[in-house]
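Here is the structure we will look at.
All chains are named by letter (A, B, ...) in the order of the sequence lines, taking the proteins before the strands, and each is independently numbered beginning at 1.
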Protein chains: 2
Amino acid sequence: MDALDRQIIAALRANGRATYADLGRKVGLSASAVHERVGKLESSGVIVGYHAVVDPSSVGLGVTALIGIHPTDIADDNEVAVALGELIEVESCYRVAGDESFIVKVRVATVDDLERSLGRLRRIPGVARTRTTVVLSTRFEGRPNTGDEDDDVT
Amino acid sequence: MDALDRQIIAALRANGRATYADLGRKVGLSASAVHERVGKLESSGVIVGYHAVVDPSSVGLGVTALIGIHPTDIADDNEVAVALGELIEVESCYRVAGDESFIVKVRVATVDDLERSLGRLRRIPGVARTRTTVVLSTRFEGRPNTGDEDDDVT
DNA sequence: ATTGAAAACATTCCGCT
DNA sequence: AGCGGAATGTTTTCAAT
């Protein structure tokens, strides 16, 4: 992984649909060289995937909440994680340090759905209680941070 | 927004680099029809963007933390939000209900960097104190949830 | 709003450096 | 590891429906 790879990654984080020709122009390489590098970045697991980002309320998911999961004394974290993964409304799941074992982000259509979702969460074996923080607005989300200074990616 | 649009959105969430021809085959439309629909979804703000997802530790950002921001009595939330946005390590920023005004997700290289970042956060005018939850592992993150049942997107 | 055709463009493979 | 050429496939525009 050299500076060129990092530039390519930054460009693909900014625009996941950039063509190899575009990327080549940006970093000063031929399209085929970029193609080869991106292929290696993908198969080595640096680039995990490409996703369209959708405005949640446009797809009927206007309610977001961050929920801390308190485990029971005998909880198996792995089983809890699997059960959390089975709930479609759980968008992200973090195993955390502290007296909560997980923090999850859920997206649902309405507060009624949130209530139902909390019911499902609490019914998971190993979950003692939940602590819910409702998101009022998302200022920004998933911003690219390449790890170093230069972020001039148009 | 009809069922076809939703199918296209789901496919682009699963694979942000799918070609219009691919999408057309998947939903039973010509590439040009898909092109037109996607263009409308983009300009109407349903599709916000396309991003490559990168393994954070591969780009030297192995430490993730979720940080609650407690405001001072006289804090201006908007000013705090702007200041949070200026910190490159703050990847996401949610305005929340409760006694914390924001919850942010930060990604840094090391716990030393986390300490420095917390210093920067606390120095923001309007920030009284922070509550930090260190992420031990990310089980999953940013999973697509189309809002309804069928999620059979290969 | 969708199509099919056509031109421009991008991808992808391969031999060469 | 990168380049350029060539074949194939895709994007993008447009007239027609």
Side-chain angles (χ1 to χ4, degrees), chain A residues 1-60 144 146-154, chain B residues 1-60 144 146-154:
Chain A
M1 263 251 287
D2 61 1
L4 253 39
D5 281 332
R6 276 186 287 272
Q7 276 188 267
I8 291 169
I9 290 168
L12 281 172
R13 293 237 271 179
N15 176 15
R17 281 182 83 81
T19 66
Y20 297 123
D22 278 340
L23 296 169
R25 280 186 282 270
K26 198 167 291 192
V27 307
L29 239 52
S30 69
S32 34
V34 174
H35 181 241
E36 169 115 13
R37 278 172 178 262
V38 172
K40 281 179 186 164
L41 289 169
E42 285 168 0
S43 51
S44 67
V46 177
I47 294 177
V48 175
Y50 304 89
H51 301 289
V53 175
V54 169
D55 171 40
S57 34
S58 295
V59 293
T146 55
D148 49 32
E149 354 65 53
D150 286 324
D151 266 80
D152 46 307
V153 180
T154 320
Chain B
M1 262 252 287
D2 61 1
L4 253 39
D5 282 331
R6 277 186 286 272
Q7 276 189 268
I8 292 169
I9 289 168
L12 281 172
R13 292 237 269 180
N15 175 15
R17 280 183 83 83
T19 65
Y20 297 122
D22 278 341
L23 297 168
R25 279 185 281 268
K26 198 166 291 193
V27 306
L29 241 50
S30 68
S32 34
V34 173
H35 182 241
E36 169 113 15
R37 277 172 177 262
V38 172
K40 281 178 187 166
L41 290 169
E42 286 168 359
S43 50
S44 68
V46 176
I47 294 177
V48 176
Y50 303 90
H51 301 289
V53 175
V54 169
D55 171 41
S57 34
S58 296
V59 294
T146 55
D148 49 32
E149 357 62 57
D150 284 326
D151 265 80
D152 47 308
V153 179
T154 319

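Rounded to whole Å, the distance from CG on A:Leu23 to P on D:dC3 is 14 Å. Distance CZ (A:Arg37) to C1' (D:dA1): 8 Å, rounded to an integer number of Å. Across the protein-nucleic acid pair, B:Asp22 atom CG and C:dA10 atom P stand 18 Å apart, rounded to whole Å. Put simply, OH on B:Tyr20 is 16 Å from C1' on C:dA8, counting in whole angstrom units. Rounded to an integer number of Å, the gap from B:Arg17 CZ to C:dA10 C1' is 11 Å.
Taking CE of A:Met1 as the start and OG of B:Ser58 as the end, the distance is 6.5 Å to the nearest 0.5 Å. Once rounded to the nearest 0.5 Å, the distance linking NZ of A:Lys40 with CD1 of A:Ile47 reads 13.5 Å.
For B:Glu36, taking side-chain heavy atoms from C-beta onward, the closest of the listed nucleotides C:dT2, D:dT10, C:dA10 is C:dT2. For A:Leu4, whose side chain is taken as the heavy atoms from C-beta onward, the closest listed nucleotide among D:dG2, D:dT11, C:dA10 is D:dG2. Here D:dT11 is the nucleotide among D:dT11, C:dT11, D:dA1 with the atom lying nearest to any side-chain atom of B:Thr19.
Annotation: salt bridge (Lys or Arg N to Asp or Glu O under 4.0 Å) contacts of B:Asp55 (sequence neighbours excluded): none.
Between the B:Arg17 side chain and the A:Ala18 main chain, a donor and an acceptor come within less than 3.5 Å of each other. Formation of a donor-acceptor pair under 3.5 Å by the A:His51 side chain with backbone atoms of B:Gly16 is not found in this model.
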Between B:Leu23 and B:Arg37, does a side chain to side chain contact (heavy atoms under 4.5 Å, CB included) hold up when you go through it step by step?
-> CA-CA 11 Å; B:Leu23 297 168; B:Arg37 277 172 177 262; over 6 Å; no

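Near DNA chain D, meaning a heavy atom under 4.0 Å away, the residues from residues 27-34 of chain A are A:Leu29, A:Ser30, A:Ser32, A:Ala33.
The side chain of B:His35 places no N or O atom within less than 4.0 Å of a non-bridging phosphate oxygen (OP1 or OP2) of D:dT11. The side chain of B:Arg25 contributes no N or O atom lying less than 4.0 Å from OP1 or OP2 of D:dG9.
Between A:Asp2 and B:Ala18, it is A:Asp2 whose nearest contact on DNA chain D lies nearer the 5' terminus.
The closest side-chain heavy-atom distance from A:Leu29 to A:Glu36 is not below 4.5 Å.
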